[in-house]
J.: 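Input: one structure, supplied below.
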Amino acid sequence: MPKIEYKSIKFQQKSLELINLVNQVVEEYQAQGYELTLRQAYYQLVARGYIPNNERSYKNIGNLINDGRLAGLIDWHSITDRTRNLRSNSHWDNPADVIASARYSYLLNKWDGQPNYVEVWVEKDALVDIVGQACRPLDTPYFSCRGYTSQSEMWSAAQRFISQDYRDNRVIIHLGDHDPSGIDMTRDIQERLQMFGADVYVKRVALTMNQIGTYNPPPNPAKITDSRASKYIDEYGNESWELDALEPQVITDLITNEVTALRNDEIYRSVCDSEERGKDELKMIERNYDKAVAFLESEE
DNA sequence: TAAATAGTCTCCTTGCGTAG
DNA sequence: CTACGCAAGGAGACTATTTA
């Protein structure tokens with residue numbers, strides 16, 4: 001885990017304390033197998049009440065984390081930039097290797113034959129890793145909206161749901177902040193999908209007033225400059241809450257419960273069984289690759 | 001004078017209010 | 001009626017100015 005000093009920086013006590021808090025959050029999340037983004041680290045500090053929730057505060061913590069890394073106080077692996085990535089081709093050492101990775105990625109669609117089709121959508125990309133770790137074992141597609149979903153993705157999603165029309169129900173499990181815009185996004189998703197002709201039920205499972213009552217996350221003042229604020233305040237009062245304040249395990253359990261409730265377990269298990277058989281066959285080829293090639297050569 | 005903070009840039013959106 | 005500015009939501013990096 002590299003902490004490398006490229007620059008000597010004499011931080012003030014207050015900044016050192018903040019850096020320690022960042023490292024603390026990073027360690028907690030790494031222990032659970034999650035990678036943090038800058039945005040997520042920021043929201044954790046907000047959710048724990050250490051820093052205010054505004055744009056200036058976010059930028060300040062970004063600068064501090066940057067300096068902290070350059071000064072060798074924060075691990076370079078601890079925070080990832082998910083928006084900028086190198087693209088390249090995949091490579092293998094030999095043909096047997098590609099069969100090994102084929103076996104690994106060989107998955108049957110666990111929603112084949114199911115009465116329902118389900119996707120999980122989350123408002124902020126910062127939480128997509130947590131949502132992903134919940135969704136992958138359930139073989140359930142997941143999507144991060146990044147605020148209001150783009151028109152192009154909304155249209156694509158509508159086409160996807162329309163292609164699932166033969167099923168009984170199509171459902172989006174939606175998770176977002178409890179603030180004027182966050183609440184409005186659930187409505188927006190439902191309305192635009194409807195406009196594009198998709199028959200989908202958008203179920204907002206977080207953050208709800210119920211969960212706020214149960215887990216008691218720290219409140220933020222609702223932004224009154226938000227054009228949706230007055231409607232929100234009429235309904236919920238002048239406080240808002242970040243989805244990030246929920247523990248990853250709480251989010252994971254929530255998603256797991258919501259998705260499995262929409263799944264027929266008998267059908268699910270039978271698909272899992274045939275997947276296992278397929279993997280066994282690939283394993284056989286992988287282990288006896290040379291023999292298989294020799295055999296096929298002798299057949300020619 | 002170095003650290004902290006302010007401000008600007010890239011890029012995708014919705015929605016409200018006002019100007020034309 | 002449409003166009004536009006600016007408020008909000010999302011993820012980042014970079015430079016300039018102020019402050020201790």
Side-chain angles (χ1 to χ4, degrees), chain A residues 5-19 22 35-46 51-74 76 78-86 121-132 142-158 174-196 202 204 206-207 220-234 236 238 240-244:
Chain A
E5 184 179 339
Y6 294 97
K7 237 170 101 179
S8 164
I9 302 173
K10 293 187 189 95
F11 293 104
Q12 290 181 5
Q13 190 55 34
K14 205 179 133 204
S15 298
L16 280 173
E17 281 165 16
L18 263 181
I19 287 173
V22 169
E35 247 181 5
L36 281 168
T37 61
L38 172 63
R39 198 85 185 174
Q40 205 175 1
Y42 158 73
Y43 277 127
Q44 279 305 307
L45 297 182
V46 170
I51 56 171
N53 185 20
N54 56 56
E55 207 167 321
R56 189 62 269 156
S57 171
Y58 168 64
K59 287 175 178 177
N60 289 349
I61 207 70
N63 287 337
L64 185 66
I65 286 174
N66 184 41
D67 282 346
R69 290 163 135 181
L70 292 174
L73 297 177
I74 297 176
W76 283 95
S78 66
I79 287 166
T80 61
D81 177 353
R82 223 178 263 142
T83 62
R84 296 168 177 86
N85 292 298
L86 176 73
W121 288 23
V122 61
E123 174 182 339
K124 31 183 40 160
D125 198 52
L127 293 169
V128 77
D129 199 24
I130 290 169
V131 170
Y142 58 100
F143 173 72
S144 85
C145 305
R146 289 191 168 211
Y148 283 97
T149 309
S150 63
Q151 198 69 286
S152 38
E153 269 311 313
M154 202 68 102
W155 187 83
S156 300
H174 186 231
L175 301 93
D177 290 336
H178 201 288
D179 58 22
S181 285
I183 296 280
D184 184 61
M185 285 166 191
T186 310
R187 173 205 60 77
D188 173 56
I189 292 166
Q190 179 76 74
E191 282 187 7
R192 277 197 279 163
L193 287 176
Q194 201 158 28
M195 177 181 75
F196 291 135
V202 181
R204 185 187 169 89
L207 203 57
N220 293 113
K223 286 192 182 125
I224 50 166
T225 40
D226 190 330
S227 55
R228 306 167 186 90
S230 64
K231 195 180 157 202
Y232 175 89
I233 292 169
D234 284 348
Y236 306 102
N238 53 9
S240 57
W241 296 267
E242 301 286 333
L243 177 60
D244 310 64

J.: Measure NZ/A/K124 against C1'/C/dG12 and give the value in whole Å, please.
T.: 15 Å
J.: Within this structure, what is the CG-to-P distance between A/L243 and C/dG10, rounded to whole angstrom?
T.: 11 Å
J.: Could you tell me how far apart A/E191 (CD) and B/dT13 (P) are, to the nearest whole angstrom?
T.: 18 Å
J.: Mind checking A/E153 for me? I need base, sugar-phosphate or nothing, with any heavy atom below 4.0 Å counting as a touch.
T.: nothing
J.: Base, sugar-phosphate or nothing for A/S8? Non-hydrogen atoms, less than 4.0 Å.
T.: sugar-phosphate
J.: What is the distance from CE of A/M185 to C1' of C/dA8, rounded to the nearest Å?
T.: 8 Å
J.: Return the set of residues passing side chain to side chain donor-acceptor pair (under 3.5 Å) with A/Y148 (not counting sequence neighbours), or none when no residue passes.
T.: A/D184, A/R228
J.: With the side chain of A/D184 defined as its heavy atoms from C-beta on, choose the nearest nucleotide among B/dT14, C/dG9, C/dG10.
T.: B/dT14
J.: Could you give the CD1-to-P distance, from A/I65 to C/dG12, as a whole number of Å?
T.: 10 Å
J.: Tell me whether A/R192 contacts the main-chain N or O of A/T149 through its side chain, where contact means a donor paired with an acceptor under 3.5 Å.
T.: yes
J.: Could you give the OH-to-P distance, from A/Y42 to C/dA13, as a whole number of Å?
T.: 15 Å
J.: Looking for any heavy atom pair under 4.0 Å, which part of the strands does A/D177 touch: base, sugar-phosphate only, or nothing?
T.: sugar-phosphate
J.: May I have the distance from A/I61 (atom CD1) to B/dA3 (atom P), rounded to whole angstrom?
T.: 17 Å
J.: Check this one for me: any side-chain N or O of A/Y43 less than 4.0 Å away from OP1 or OP2 of C/dG10?
T.: yes
J.: May I ask you to verify if any side-chain N or O of A/R192 is less than 4.0 angstrom from the OP1 or OP2 atom of B/dT13?
T.: no
J.: For A/D125 and A/S144, does a side-chain donor sit closer than 3.5 Å to a side-chain acceptor?
T.: yes
J.: Using a 4.0 Å heavy-atom cut-off across all strands, classify A/T80 as base, sugar-phosphate, or nothing.
T.: sugar-phosphate
J.: Is any side-chain N of the basic residue among A/E123 and A/R146 closer than 4.0 Å to the acidic one's carboxylate O?
T.: no
J.: Please name the pair of heavy atoms, one in A/A158 and one in A/F196, separated by the smallest distance, quoted to 0.1 Å.
T.: CB-CB, 3.4 Å
J.: In the 5'-to-3' direction, what one-character label does each nucleotide of nucleotides 4-12 of chain B receive under the scheme B = base within less than 4.0 Å of a protein heavy atom, S = sugar-phosphate only, - = no such atom?
T.: SBBBB---S
J.: Excluding sequence neighbours, so at least two apart, what forms side-chain contact (heavy atoms from CB on, under 4.5 Å) with A/T186?
T.: A/H174, A/V202, A/R204
J.: Closest approach of A/D177 and A/E242, non-hydrogen atoms and distance?
T.: OD2-OE1, 3.3 Å
J.: Could you state the atom-to-atom distance from CG of A/D188 to P of B/dT13 in whole Å?
T.: 12 Å
